[in-house]
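A short write-up of the structure that comes next.
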Number of protein chains: 4
Amino acid sequence: MSLREKKIAKKREDILRSAVKIISEKGYHKTTLEDIAAHLYMTKGSIYYYFKDKQDLIYQTQAMLIQESIENIKNVIEEQGNVTEKLRRAMIKHIEFVIRERMGFSIGIKPEQVFEKQYLEKILHLRGQYESYFDRIITMGVEEKVFHPVDVKIVRNLLLGAMNWVVQWYSPEGKKDVKELAETISDYLLRILLKGGENSTEEM
Amino acid sequence: MSLREKKIAKKREDILRSAVKIISEKGYHKTTLEDIAAHLYMTKGSIYYYFKDKQDLIYQTQAMLIQESIENIKNVIEEQGNVTEKLRRAMIKHIEFVIRERMGFSIGIKPEQVFEKQYLEKILHLRGQYESYFDRIITMGVEEKVFHPVDVKIVRNLLLGAMNWVVQWYSPEGKKDVKELAETISDYLLRILLKGGENSTEEM
Amino acid sequence: MSLREKKIAKKREDILRSAVKIISEKGYHKTTLEDIAAHLYMTKGSIYYYFKDKQDLIYQTQAMLIQESIENIKNVIEEQGNVTEKLRRAMIKHIEFVIRERMGFSIGIKPEQVFEKQYLEKILHLRGQYESYFDRIITMGVEEKVFHPVDVKIVRNLLLGAMNWVVQWYSPEGKKDVKELAETISDYLLRILLKGGENSTEEM
Amino acid sequence: MSLREKKIAKKREDILRSAVKIISEKGYHKTTLEDIAAHLYMTKGSIYYYFKDKQDLIYQTQAMLIQESIENIKNVIEEQGNVTEKLRRAMIKHIEFVIRERMGFSIGIKPEQVFEKQYLEKILHLRGQYESYFDRIITMGVEEKVFHPVDVKIVRNLLLGAMNWVVQWYSPEGKKDVKELAETISDYLLRILLKGGENSTEEM
DNA sequence: CATGAATGAGATTTCATTCAT
DNA sequence: TATGAATGAAATCTCATTCAT
């Protein structure tokens, strides 16, 4: 990659980050290209040098976020640890990510309602990939008899739903910090899968 | 309520139902008043006879849905049954409702990003009411030592998140029918709270 | 005129008065038929029983106001008094009228910009009539050599302009009451016409 | 001011002039942004590049007109001449201005009925400034005992009313040209203030 | 007579998109 | 590359007008 290409790639990412930030604040449907550009002291015209159109830009933000999530979970899987630890870490990462980017998957909207076929397929494919890593961990746990035998897809969706919903209620003013909160949530959710009561941190 | 008032109330509800339907299909920000009106063979102008403006209309749909949910959970609480049964039934009702109306709370968007102060407060108040009924059941279970001692608000949010997220992944083509699915989900989620393994419907 | 006709005539006048009031408050272009009707606890639909359309209604208000003004000035002319007294009384009446109805001629708009040909001609004709009474008094004064020889039309327009403009600046909170104010204004304006300084109420 | 800023300022003024012209022809409430834009071969959308909204645009036209008037009267005051000459010249300028722009102050409407608080205050302030220059001249004349002692505010309002009303009756077809007419009017109105009969151009 | 309800034309406004410079 | 400027389609909203009851 030449220097020029690097610069372009850098700028593209800047725009994507800006978009993520603004969308997380104002919501997808109230975010205009003007907003995104202004945040970078650009004009909206320039955005078209880097992205085909608004849909493309939004798609890229989603793709970027999911890809980062995929990297996260890949790392978690490769790390040492038993399956419970892995799932726990994956969830913590996910929750921290959701809170940090103030955005769950799909910016709080159903991708079907926003993207056209071309982008939709790609998004759904990426999403599917990420989900499959979760499925893999869950399946492992079930096979190792550490987890209850469950309908993997349903449970995975429950976990993701509970975690993505955090966007709706998390407040930085809460008494728990992000890490602590993520751990608490993960532990609660693990109970859906864990056999026995060993992990049930009995609070007073 | 006079006949006339009934008629107007009926029409208002028709419009709200139409709005719920269209929004659930196309998403909030792609739904125009034209769409909503056309679905009832009205013109968009007529909508303004019944609602102050679009924001008012959207607010009313949300209020209606939450109020119905509140009725549901109130009934559940008043019915016979132990606390586990009550929470289970409340969750099943919620899931069925979400699937039927194809809409979780807040049409998949953060109300803060859509409503202005006046409406926002009312929505948040209604939502808070509904949530408090859940909290009440959970607290009861904890006090009766049937549920683990937990952070009630967090757990309630996890349950609601997992259930509302169903909108994103439920497909009528699935092998489980709605009732069965709702039961399955509820049973999984109950494990977050239940002590012992008694409820863990060991599949297979 | 039958009782029925009387009732209708009465209602028509009610509506006209209501229209005058609302227009004087909100301005012509912000006044809707709804406003006018609501002020009488009617619905706008009913207005169409009494008036062909909005233009007709507005036209009638104007016609009514000018006709009343014409009656006023006719009476003034027929009363006893020298020409100066007559002009003074005519002006006082006009000013009082403008303040009372909070409306000069033509609701502050050029009739050409509001009325279509049919109504326009009638309005201009009525207006012309009223103006001709003023002209008559002025001409009399000139012929009697009580007034300066002037371009009658120009002076009449200056007088009317100065008087109609009162709408723009009159405030009920002022220290002068309406009668006093009207007299003061009339005396000032008379100086345009009066020979010698006899009327110049030398203030301190 | 950079070239770019000049260009944009120029365009803004073009739009304002266009607005003044159209409003003077069709009246404020019949003038659409479409009209104003079309007159400049633009589209209405473009207007929003230069002005926040219609109210802003209208406000700017008013501000522009009053500011020009203020410049005019300032110059008149600074010029040589006795107080009578100054008031005469100020009036002539005002009348010529009103005829040229075919618009008195406040486009023939009460600003209270058109502008919201923010704009209203600014307009009233500007208007007040302009009026204060008139007041200053009148007060000077009174103090120099050249003018009758009068209620300055009332007389100023009468003068302005008489002059602004010209919009309603001036016709280019009249036998007097604009300058001549403005002089005639000014001389008539001066009689309200002048002591003695020296200025009363005795017409035949 | 009166009105509730609906309509539709038109106005304002927003904003993604384009394009010349 | 970047941007200023313009565009046009679409959305919201208003309101005079109509009409069945």
Side-chain angles (χ1 to χ4, degrees), chain A residues 4 7-8 11 29-38 40-58, chain B residues 2-5 7-8 11-12 15 29-37 40-58, chain C residues 4 7-8 11 29-38 40-58, chain D residues 2-5 7-8 11-12 15 29-37 40-58:
Chain A
R4 212 176 68 100
K7 264 179 97 173
I8 290 185
K11 192 89 187 192
H29 77 282
K30 277 205 184 153
T31 299
T32 69
L33 289 182
E34 190 100 42
D35 295 330
I36 297 169
L40 295 168
Y41 307 103
M42 305 169 69
T43 59
K44 60 184 164 177
S46 321
I47 296 202
Y48 283 82
Y49 183 78
Y50 299 96
F51 298 94
K52 200 176 133 292
D53 53 23
K54 191 186 185 187
Q55 183 129 143
D56 182 31
L57 168 60
I58 302 298
Chain B
S2 75
L3 184 65
R4 179 144 291 147
E5 279 163 341
K7 260 178 108 175
I8 196 168
K11 191 85 187 197
R12 287 172 65 92
I15 296 173
H29 76 281
K30 278 208 183 151
T31 298
T32 71
L33 290 181
E34 188 106 44
D35 295 331
I36 296 169
L40 294 168
Y41 307 103
M42 303 170 73
T43 58
K44 59 188 162 176
S46 315
I47 305 257
Y48 286 86
Y49 187 78
Y50 297 94
F51 299 93
K52 200 179 132 293
D53 55 22
K54 193 186 182 185
Q55 184 128 144
D56 181 33
L57 169 59
I58 301 299
Chain C
R4 211 176 69 99
K7 264 179 97 173
I8 289 184
K11 193 88 186 192
H29 77 282
K30 276 206 186 153
T31 298
T32 70
L33 288 182
E34 191 101 41
D35 295 331
I36 296 169
L40 295 169
Y41 307 103
M42 305 168 70
T43 58
K44 60 183 164 176
S46 319
I47 295 202
Y48 283 83
Y49 183 78
Y50 299 96
F51 299 94
K52 201 178 133 290
D53 53 24
K54 191 186 185 185
Q55 184 130 142
D56 182 31
L57 168 59
I58 301 298
Chain D
S2 74
L3 184 65
R4 179 144 290 147
E5 279 164 342
K7 259 179 109 174
I8 196 168
K11 191 86 187 195
R12 287 171 67 91
I15 296 173
H29 76 282
K30 277 207 183 153
T31 298
T32 70
L33 290 181
E34 188 107 44
D35 295 332
I36 295 169
L40 295 168
Y41 307 103
M42 304 169 73
T43 58
K44 58 189 161 175
S46 315
I47 305 255
Y48 286 85
Y49 187 78
Y50 297 95
F51 299 93
K52 200 179 132 292
D53 53 23
K54 193 185 183 185
Q55 182 127 150
D56 181 34
L57 169 59
I58 301 298

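In this text, all values refer to a predicted model and were calculated from it rather than measured experimentally. Just the heavy atoms: all of them, side chains too, but no hydrogens, waters or symmetry mates, feed the values below. Order of the sequence lines fixes the chain letters, A, B, ..., with proteins taken first and strands second; residue numbering starts at 1 for each chain.
- When the nucleotides E/dG8, F/dA5, F/dT3 are ranked by their closest atom to the side chain of A/Thr43, F/dT3 comes out on top.
- Whole-Å rounding puts the D/Asp53 CG to F/dT12 C1' distance at 15 Å.
- Between the C1' atom of E/dG4 and the OH atom of C/Tyr41 lies a distance of 20 Å, rounded to the nearest Å.
- Counting all heavy atoms, side chain and backbone alike, D/Asp53 lies closest to D/Tyr48 at CA-CE2, 3.8 Å.
- For A/Lys11, whose side chain is taken as the heavy atoms from C-beta onward, the closest listed nucleotide among F/dA2, F/dT7, F/dC13 is F/dA2.
- More than 12 heavy atoms of other residues, nucleotides or ligands lie within 6.0 Å of NZ in A/Lys30, so this atom counts as buried by the packing criterion.
- Scanning both residues, D/Ile8 and D/Tyr49, for their nearest heavy atoms gives CD1-CE2, 4.5 Å.
- Across all strands shown, B/Leu40 has no heavy atoms under 4.0 Å from either base or sugar-phosphate atoms.
- Look at C/Tyr50 and you'll find a side-chain N or O under 4.0 angstrom from OP1 or OP2 of E/dA2.
- The partner of E/dA20 is F/dT3, judged by Watson-Crick or G-U wobble contacts that both fall below 3.5 Å.
- Ranked by how close their nearest DNA chain E nucleotide is to the 5' end, A/Lys54 and C/Arg4 are led by C/Arg4.
- Nucleotide E/dT13 holds its P atom 18 Å from the NZ atom of A/Lys30, rounded to whole Å.
- Note: OH (D/Tyr49) to C1' (E/dT17) measures 15 Å, nearest angstrom.
- The distance between atom CZ of B/Phe51 and atom P of E/dA5, rounded to the nearest whole Å, is 13 Å.
- Between D/Lys44 and C/Lys52, it is D/Lys44 whose nearest contact on DNA chain F lies nearer the 5' terminus.
- Within the 4.0 angstrom heavy-atom criterion, no nucleotide atom of any strand lies near C/Ile47.
- Closest non-hydrogen pair, D/Ser2 versus D/Glu5, comes out as N-OE1, 2.9 Å.
- Protein atom CG of C/Leu33 is 9 Å distant from nucleotide atom C1' of F/dT17, rounded to whole Å.
- Across all strands shown, F/dA9 is found opposite E/dT14 as a Watson-Crick or G-U wobble partner, with both distances under 3.5 Å.
- For the pair C/Ile47 and C/Leu33, the tightest heavy-atom approach, listed with the atom from each and the gap, is CD1-O, 3.9 Å.
- Between C/Lys7 and A/Glu34, the one whose closest nucleotide on DNA chain E sits nearer the 5' end is C/Lys7.
- Checking F/dT18, F/dA5, E/dT3 against the side-chain heavy atoms of C/Ser46 singles out E/dT3 as nearest.
- Distance D/Ile36 CD1 to E/dT12 C1': 12 Å, rounded to the nearest Å.
- Here the nucleotide nearest the side chain of D/Met42, chosen from F/dT7, E/dA2, E/dT12, is F/dT7.
- Taking atom OH on D/Tyr48 and atom P on E/dA11, their separation rounds to 12 Å, with Å as the unit.
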